[in-house]
Structures are given as C-alpha cells and as structure tokens.
Amino acid sequence: MASMSALQSILYGLFASTGLYALFIGLLTIPVLQDQVIYLNRVTLTWFQDVNIPEQWGFLRNQVTPFFLTTPDGESLHTWHILPPELYRENQEALSAEPHGLALNVKERLSFKLLRDDPSSLLVLYFHGAAGTLGSGWRPPSYRAMSANAPHRIHTLVVDYRGFGSSSGYPSERGLLTDAITLAEWAMKEAEIPPSRIVIFAQSIGTAISLSLIHHMATQPEPTLFSGVVLVAPFADVESLTATYRIAGTVPLLEPVAKFSRLLAWLNTLIATKWPSKFKLADFIRRCEDMGQEHPKYDITIIHAEDDYDIPWSHSEQLFWHAANASIPHGITFEELEKEKTASRVDNHAGGWAVERRTRRGVIREEIVKYGLHDRIMSYPIVSLAVMRAFQTLT
Ligand SMILES: *[C@@H]1O[C@H](CO)[C@@H](O)[C@H](O)[C@H]1NC(C)=O
C-alpha cells in the first residue's frame, strides 16, 4: 500500500509541477488516445512469450488448442479452446500424441471433436478484461475455475479481441461486439453447441462486451438466449467509470478532474466510447420479461469484491438496480431496492452477502464478497459455483 501512495504522490507531484496533467487531459480528448487508455490493448503483459504455447501458463500438453477465428469484417482473432481436466485425463494419451501448438484446422483436433460430439458437453464463452492477452495475470487460473465444478464437461473458449495479443486490427465498441458475435456464432454453428448449453462469463470491460452481445442476440427477429451470464467486476457505463477508475487499481486517472463536476461532464461529452452496460442490461431484461413461455428464462449473476480498487463495487449496485427496475413494470427506486435487499439478503459473514430476485421470466443475482480484488476473484470458488449454477440445463 505504501508504494501505491508513493507512486500516486510522485505522479501528482509530476502532474502538478509541470502542467503535464493538463496536457494529459487535453490528449485524452483525442479519440484514438482515449481508446488506448480504455482498452490498454498494447500493454500485452506477456511480452516475449509465445501465446501458442499454453503450457507456459501451467496447462497440460494440448489441454489448450490455440487457433484463429475470422470475423465477417476480415479480422483474425486468436482463440484458445481449453479442455476441462477430467475430460483431458480420460483422453490424455490420444491428446498428447496430437500435433502441438497453433491449429490451422481446429476441426481436425480431438479437443474440438470432444466438445462437438458429446451431447452433454457444456461451454463457457469467456470475455476477458482490458490490457493483456489470453495468458496474462489471473486469466489462466480463472479458466481452470470455469470447469472446477464439472471437470468432465465444461469447456472454455476465450478470444483476444481485435487489437489484443496476436489478433489483428484495432479495438472499438462496434468491433468488439462483432468479435463477440463471431465467437458465439462459431460456438453454435461450427461446434454445434445450442445456446441452452452455453454460459457467458466476463470480467471488467469484458462485461460491457458480453452485455452488448446478449442484448444483440436477444433483439434479433429470432432471439437467442444463452443459459446464463456471469459478470465479475462490471461497470455501469464508461461515463460513471471515468470518475472512479484507477489504472492497475492505483492511478486514479480522472480523480483530480472529478472534483469539478462540470469539467468532468465536459470531458465525458468528448469521450466517444460509451459502453452503456446499465441500459443494455435493462433493455435486455425488459424484452425478456415481455417474451412468451416458448422462450428460455434468463439467468444473470453479478459478482464484485468490496476491495476492488480498479472498479468500485458501487458499479454492481447500479447494474443490479437497473436490472431489477427493468423487471418491475412500474419500476423501483434505488433506495426502495436497497431496503428490500437488506431484508432479503443472505449474510455470508466474512464471505460477504448475496441477494437473488426471481422474476416472471428470469433471475438476477448480486453477490458481493469482502475479498477478491479486481482480478484474483475470477479464480475463486464463488465464480466456479456461479458458472455451474448458470447452466440451467443441470437443474
Ligand atoms: C425504472 O423503470 C421505470 C419503469 O419502467 C422507468 O420509467 C425508469 O426510467 C427506470 N429508471 C431507470 C433509472 O432506468
């Protein structure tokens, strides 16, 4: 902690004494530079490591199959297919005898056939956060958490979005949605997994991408609803994030500006990237509530740690409120909902607390843990449990 505040004071000192901060804010009004700050996609964190050798992050030989997906607008997305450990054990000999590394034709690989040909296989589509690649930080341990509660059948697919890692192109709000749709369509059409056996998992900026995805899928003439959605450390929208976001949980980017609400509002009008998650989630829920019995029910879980210094858990409170409000025809105020939550919540003591709202057409949960920070939490059992629960086909 001491080093964090030391870093802060050095930065503040530097900004204040030289006017660099004003320059920095000025630069932030340039869209291309905004995107660099929001996505941090060039901060790969796996420098000098070949992301086609997943064993470097503790996976077994050929437990992960790296391959490329192509988007309709011509980008190639670096993708990992991660086998659950028990299924791996059952097929270990055949798997380790296969060719190694990047699969030029993934459909020839045993891993792909194990996913496609087993009618009981389940699939997590994983949408990672800003910065880094498929192999960065707490992501590899969190892939293992996806299948922890059904190690014989939960597969995981994760992509580096355009502009990230070995994928081509540059990130944008529209482009990242296209990437998410590409992954989902591939899973349903090529791997032949129906949406009832698919769970969407996302963290940080991935939650904005996945909310955009589920909204898009649910608003098509033929709506598609996935079995469930698990959102970890989400944010309400970019506008509310600018005031609170800290780079690497340390550098409060706009805190000096946030003290002047007019200045912050002005800066926000210049930020082209919106990611309006709270409205996407609310609209998704309104539409689902209006759907008939022939459609599946929705299942949304929001998870946040109280000690998340990058994105404060108040963002999850906002998202949960927008979701709950949208599920009630006449709506509910934030304060009313907070009262209801206090009365109905399950107190897990040092483990935090949880609330669940069952509506006509679905369920919304908020689970707040005391410890987990911004990234580490993704590898925790609370996530494994939430993913398992989100596979409604199991119940
Ligand atoms: C809450 O729901 C009501 C009724 O649908 C709506 O009029 C209102 O705009 C919603 N509030 C928010 C903050 O979205």
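This structure is a prediction, so every number in the text was calculated from the model and none was measured. Along the sequence shown, residues carry numbers from 1. Just follow the structure's listing: the first ligand is 1, and inside any ligand the first atom is 1.
Contact annotation: the side chain of Y161 approaches that of F127 to within less than 4.5 Å [non-hydrogen atoms, C-beta and beyond]. At least one side-chain heavy atom of H215 sits less than 4.5 Å from a side-chain heavy atom of T219.
P140 is linked by a side-chain contact (heavy atoms from CB on, under 4.5 Å) to W57, F59, R144, counting only residues two or more places apart in sequence or in another chain.
At least one N or O atom of N325, backbone or side chain, sits closer than 3.5 Å to an N or O atom of ligand 1.
In this structure, of R286, H322, Q318, the residue bringing a heavy atom nearest to atom 6 (C) of ligand 1 is R286.
Using a 4.0 angstrom heavy-atom cutoff, W321 counts as in contact with ligand 1.
Looking only at atom types and distance, the side chain of E306 has no donor-acceptor partner in the side chain of Y371 under 3.5 Å away.
Interface atoms of ligand 1 facing P329, defined by a heavy-atom separation under 4.0 Å, are 4 (C), 5 (O).
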